[in-house]
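Notes for the one structure printed next.
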There are 2 protein chains.
Amino acid sequence: MADGAQTHNTILVEAAKLFASEGYSAVSMRDVANKVGVTPANLYYHFTDKDTLVRETLVHALSERAGALDTIFSEARQPAERIGAFVTWLTHLLFEDEVFARLVFRELLDGDEGRIAYLATTIFERPFLQLIDATAGERRLDARLTAASIVALILGHVQIAVALPYLQGSEPGHVDPETVGRHIASLIERVLQPPA
Amino acid sequence: MADGAQTHNTILVEAAKLFASEGYSAVSMRDVANKVGVTPANLYYHFTDKDTLVRETLVHALSERAGALDTIFSEARQPAERIGAFVTWLTHLLFEDEVFARLVFRELLDGDEGRIAYLATTIFERPFLQLIDATAGERRLDARLTAASIVALILGHVQIAVALPYLQGSEPGHVDPETVGRHIASLIERVLQPPA
DNA sequence: GTCTATACCTCGATAGAC
DNA sequence: GTCTATCGAGGTATAGAC
């Protein structure tokens with residue numbers, strides 16, 4: 001199983017998958033060890049205890065994905081274009097990267113103060129400020145609430161996607177990132193266009 | 001601790017609180033027993049095993065709340081008014097009834113097929129069909145996606161409410177059901193108003 | 001850095017008295 | 001209907017050989 005730095009990283013990656021799919025308390029150190037292909041004792045060489053493993057797994061998984069956020073907004077564009085790019089990016093990321101999406105949802109549900117603060121500043125703060133800036137043109141809406149609504153809309157669609165197939169007359173397109181992303185973009189366009 | 005029917009109900013209520021706040025696998029039968037004030041063995045008199053307790057707790061908690069849904073839509077109104085009433089109702093319910101909100105989020109995250117199907121038909125189906133009906137007037141949008149968006153927007157706002165206080169310049173109003181509800185209603189109004 | 005072996009605890013669940 | 005007592009499995013974590 002190669003050298004230590006390798007194992008350390010493999011543990012973080014496999015633990016992220018397990019924690020995302022089962023939840024922290026449902027996954028034992030034995031589970032992680034089995035998946036990685038080492039013994040439980042080895043996990044305690046790399047991480048002092050389970051709580052530390054959970055936290056470092058989270059930091060590793062989130063910071064890995066948050067990097068791409070920079071490039072989304074880095075190119076100077078019109079506000080509307082910037083919003084569209086963000087919507088497309090986040091929708092695809094959450095629909096297609098199930099590990100990331102589920103870790104985010106778990107943190108929002110079960111994270112303690114420190115972990116939610118970390119999540120907020122690492123993932124949400126940058127796009128949130130950009131969205132506030134981009135929606136500030138519409139004076140009759142609270143820009144912060146509107147920015148929150150854009151993020152909420154995307155998160156909510158991902159969240160309810162698992163339930164939609166059980167409703168009457170459901171179609172696969174309702175849980176397809178491309179379709180949902182375009183729909184969200186068109187809703188935002190309507191909200192932000194100057195009223196008649 | 002009174003007669004059996006009473007205890008049975010108390011268990012369901014206290015278990016709902018514990019499961020909502022900690023998650024199913026993080027709560028032991030001993031935890032539930034302690035909170036109720038009985039012994040673990042007694043729980044097994046009322047429920048055959050933990051999984052059964054979890055399922056019956058969920059059914060009890062959801063069906064209890066879903067009843068109010070009928071009255072929201074029962075009075076014949078204009079589509080716009082019906083949407084407004086639904087938004088106000090669901091926003092307040094989710095922001096103010098933390099046990100219900102967290103149980104719903106947990107099911108969406110960790111429920112198996114049967115439980116998500118139950119959640120979908122018990123909670124989501126009725127308002128969903130009503131919303132489709134009420135938004136069908138806007139021909140240039142997919143009514144089902146738009147209905148999903150309304151639910152998604154509300155769920156998403158509740159979901160990210162815990163993170164908003166950690167973002168720069170946050171205000172208490174952003175996690176207040178009244179303020180958020182009105183904001184959502186005004187967004188929907190803009191989307192559904194006939195374009196210029 | 002990884003293992004074997006194990007201590008100690010908490011878990012879900014049951015038997016049987018009251 | 002509720003209790004005491006207990007079993008076996010599986011949980012976190014550590015000691016010490018390699």
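Note that this is a predicted model, so its numbers are computed, not measured. So that the names make sense, note that chain A is the first sequence line, chain B the second, and so on, each numbered from 1.
- Taking for each of A/A41 and A/Y45 the nucleotide of DNA chain C with the nearest heavy atom, the 5'-most of the two is the partner of A/Y45.
- Rounded to whole Å, atom C1' of D/dG1 lies 13 Å from atom CG of B/L43.
- When each of A/T48 and A/D31 is assigned the nucleotide of DNA chain D with its nearest heavy atom, A/D31 is the one assigned upstream, toward the 5' end.
- Summarising the geometry, the separation between CZ on A/F47 and P on C/dG1 is reported as 13 Å, rounded to the nearest angstrom.
- Residue-to-nucleotide contacts include no donor-acceptor pair under 3.5 Å from the side chain of A/R30 to the base of D/dG10.
- For A/F47 and A/H8, the ring centers sit closer than 6.0 Å to each other.
- Counting only heavy atoms from C-beta on, A/K50 has its side chain closest to D/dA13 among C/dA13, D/dA13, C/dC3.
- Phosphate contact (OP1/OP2 of C/dC3, side-chain N/O of A/N42, threshold under 4.0 Å): present.
- Taking the centre and axis of the six-membered ring of B/F86, the NZ or CZ atom of B/R126 falls outside the cone set by 45° and 6.0 Å.
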Q: Walk me through it: do A/T179 and B/D142 pass the test side-chain contact (heavy atoms from CB on, under 4.5 Å)?
A: CA-CA 10 Å; A/T179 307; B/D142 180 322; over 6 Å; no
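- The phosphate of C/dT2 has neither OP1 nor OP2 within less than 4.0 Å of any side-chain N or O from A/T39.
- Note: OH (A/Y44) to C1' (D/dA13) measures 5 Å, nearest angstrom.
- Counting any heavy atom pair closer than 4.0 Å across all strands shown, A/V32 reaches no nucleic acid atom.
- For the pair A/L53 CG and D/dA13 P, the computed distance is 10 Å after rounding to whole Å.
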Q. Would B/V180 and B/H174 satisfy side-chain contact (heavy atoms from CB on, under 4.5 Å), going step by step from the backbone distance to the final call?
A. CA-CA 6 Å; B/V180 173; B/H174 298 147; 5.6 Å; no
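- Taking atom CE of residue B/M29 and atom P of nucleotide D/dA9, one finds them 20 Å apart after rounding to whole Å.
- Each of B/V151, B/L129, B/L69 was checked for a side-chain contact (heavy atoms from CB on, under 4.5 Å) with B/F124, and the lone residue meeting it is B/V151.
- Taking the side chain of A/V38 as heavy atoms from C-beta on, and the options C/dC3, D/dC3, C/dG12, the nearest nucleotide is C/dC3.
- Of the candidates D/dT2, C/dC11, C/dT14, C/dC11 carries the atom nearest the B/S28 side chain, counting heavy atoms from C-beta on.
- Dashed line: the shortest gap from a side-chain N or O of B/H46 to OP1 or OP2 of D/dT2 is under 4.0 Å.
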